[in-house]
Amino acid sequence: MKVPVPTLRARPRSCTRLRAVDLRPPALHFGAATIGLLALLVRLPWMFDRVDPEQPPDTLEYLAMASAVQHGTLFPDGSLPRTPGYAYLVALCDLLPGPAAANTAAVQHLLGVVLAVAVCLLGARWFGRAVGLISGGLLAISPQMFAIEDAVLPDFMLGTLVFAACALTVWAAAPRRRTRSWPWVAVGAATAAAVLVKPVAGVLIALVPLALLPASAGWRRTALATAIAAATALVALSPWLIRNAIVHDRPSLAGQLGMTLYNRVFEIDGRPIVPRGSAQSRVAAVYGVRAVQALGLRPHAAVHGVLMERFGYDGWQASAAMRKLAVDEIRRYPFTFARRTFELASGPVRSAPGAEQAALPLRPRAGDAGTGVARASWWVSQRVGKAWWIVTLHGWAIVAGLLLCDEARRLRLLVISAGAALVALAVAATHGGGDRYWWSLLPGVVLAAPAGAAAIVAAVARGRARRRPAPPSASA
């Protein structure tokens, strides 16, 4: 038997590994650096010597919860039953010199710069350089993203963590990782972090089977990965759940669901507040409506206060009573409620084009600092957003991309778009939504829609190439 002799033509193993490394072209690095610099210039005037106006009630609530954390309360209770995740961030930001609100806004603006660069690099890796540069550039100058970064509210952090969970799911679902356990532990941990900011993020666990089943990973592998991610999230959230079971007699994530669901049913959908039989319903219909008319409160806030006053409830008990009232009312119009939920859930796509008016009212917060770059960027975003809206076919390019992409890109596009869609549906069903809720999901929408448009362009190019006549052969 002849034994092959190694020659100089054989490549050493180390060379093979080097050739397998995905080296990014300098143009992408330059583009990502430019996007990061532009995003920083847009936000810089609001990061130093910031002028803070009177804060809204929700911001004051989170500042109070953060102060309780700094004074040793691990699980702070606000006047409303909220999850503590965002309060932890505010408490960390308060360790910096200066007011807590100003520090939190500055940190969120820095994270906004990082997010724009990350979307650029990931978009280029997943869908091509053009998609990455367009998506990152749009986020860098987006007035909507600036507006939620500048507010001391959990919306920006929710959107950032939702995108991080989606990116980790894409990474974990890669063929060489999907059979391992620790990538799905990371997915579960990111989901738990998002849930501690806002409980609606719990729907992100559904991304695991959505990512694996179309990739032919098999039912056993899909079930195991889903169980690992869900168990990790449950373990991470268990201290909060156990605490609520002890203090509030129910192991729930947040008692605020009752208030938000009441808002959806009786404010967004406009259902009449009338007595339906229970004592809580009669009190809400009589005294709650009176409080709305006399004090100018929103119905859900008025009813929450009335239930606490009349029945001696704490915030969690009053919210639970409101949840029951809302669920009883939903049973009277289930199909209309479902249809309305899907209509409201289109908010992230409808609000994606640049809206200059979202950020212009925040101009005075920069004090005497020059804001020319920011205002010019927002003006450009307003005009580019209209083109984005047309090129992406009002967002329907995402659906077309799912049909036209190759298998690898289809998986990535499915996870990114499904993550935003699932959270949007959860927000629409339990709250009704609003501009700042939809703006928090812009990273996924701004990346998915250009990726779908690029898939359409590539499909058209392939079709034209097939129709071209073959060149004459040399023998002919």
Side-chain angles (χ1 to χ4, degrees), residues 24-50 102 104-151 155-157 159-160 163-164 167 351-389 391-392 439-451 453-454:
R24 289 294 170 185
L28 176 60
H29 292 157
F30 176 78
T34 303
I35 287 172
L37 179 61
L38 176 60
L40 183 61
L41 290 176
V42 168
R43 293 156 173 79
L44 198 60
W46 284 265
M47 295 170 62
F48 302 99
D49 298 327
R50 173 190 176 84
T104 304
V107 168
Q108 289 184 161
H109 282 312
L110 283 176
L111 291 175
V113 174
V114 174
L115 180 62
V117 175
V119 168
C120 171
L121 295 176
L122 290 175
R125 182 178 182 84
W126 292 342
F127 305 110
R129 275 183 296 172
V131 172
L133 293 172
I134 290 171
S135 303
L138 287 173
L139 281 183
I141 64 174
S142 169
Q144 299 100 309
M145 289 300 296
F146 175 88
I148 61 173
E149 292 168 20
D150 204 63
D155 305 291
F156 170 73
M157 284 309 303
T160 302
F163 184 79
S351 64
E356 193 176 5
Q357 66 273 15
L360 284 178
L362 305 176
R363 161 65 186 85
R365 296 191 186 184
D368 297 329
T371 58
V373 174
R375 287 185 283 112
S377 299
W378 298 336
W379 184 88
V380 170
S381 178
Q382 179 90 4
R383 276 71 191 170
V384 172
K386 296 178 180 178
W388 180 95
W389 187 245
V391 171
T392 61
W439 294 344
S440 68
L441 300 174
L442 282 185
V445 174
V446 167
L447 177 58

Value rounded to 0.5 Å, distance of [atom1] in [X] from [atom2] in [Y]:
{"X": "Glu149", "Y": "Thr104", "atom1": "CD", "atom2": "OG1", "result": "13.0 Å"}
{"X": "Leu442", "Y": "Leu447", "atom1": "CG", "atom2": "CG", "result": "12.0 Å"}
{"X": "Ile141", "Y": "Phe146", "atom1": "CD1", "atom2": "CZ", "result": "13.5 Å"}
{"X": "Met145", "Y": "Leu138", "atom1": "CE", "atom2": "CG", "result": "11.5 Å"}
{"X": "Ser135", "Y": "Leu121", "atom1": "OG", "atom2": "CG", "result": "11.5 Å"}
{"X": "Glu356", "Y": "Trp378", "atom1": "CD", "atom2": "CH2", "result": "8.5 Å"}

Could you walk me through whether Val113 and Leu37 pass the side-chain contact (heavy atoms from CB on, under 4.5 Å) check? CA-CA 8 Å; Val113 174; Leu37 179 61; over 6 Å; no
Measuring only between side-chain heavy atoms, which start at C-beta, is [X] closer than 4.5 Å to [Y]?
{"X": "Pro143", "Y": "Gln382", "result": "no"}
{"X": "Ile134", "Y": "Val446", "result": "no"}
{"X": "Leu360", "Y": "Arg375", "result": "yes"}
{"X": "Gln108", "Y": "Thr160", "result": "no"}
{"X": "Leu139", "Y": "Cys120", "result": "no"}

Please check this pair: side chain of Gln144 against backbone of Ser440, looking for a donor-acceptor N/O pair closer than 3.5 Å. no
For Pro45 and Thr371 the tightest heavy-atom approach is CB-CG2, 4.1 Å
Tell me whether the rings of Trp126 and Phe163 are parallel (<30°), tilted (30 to 60°) or perpendicular (>60°). tilted
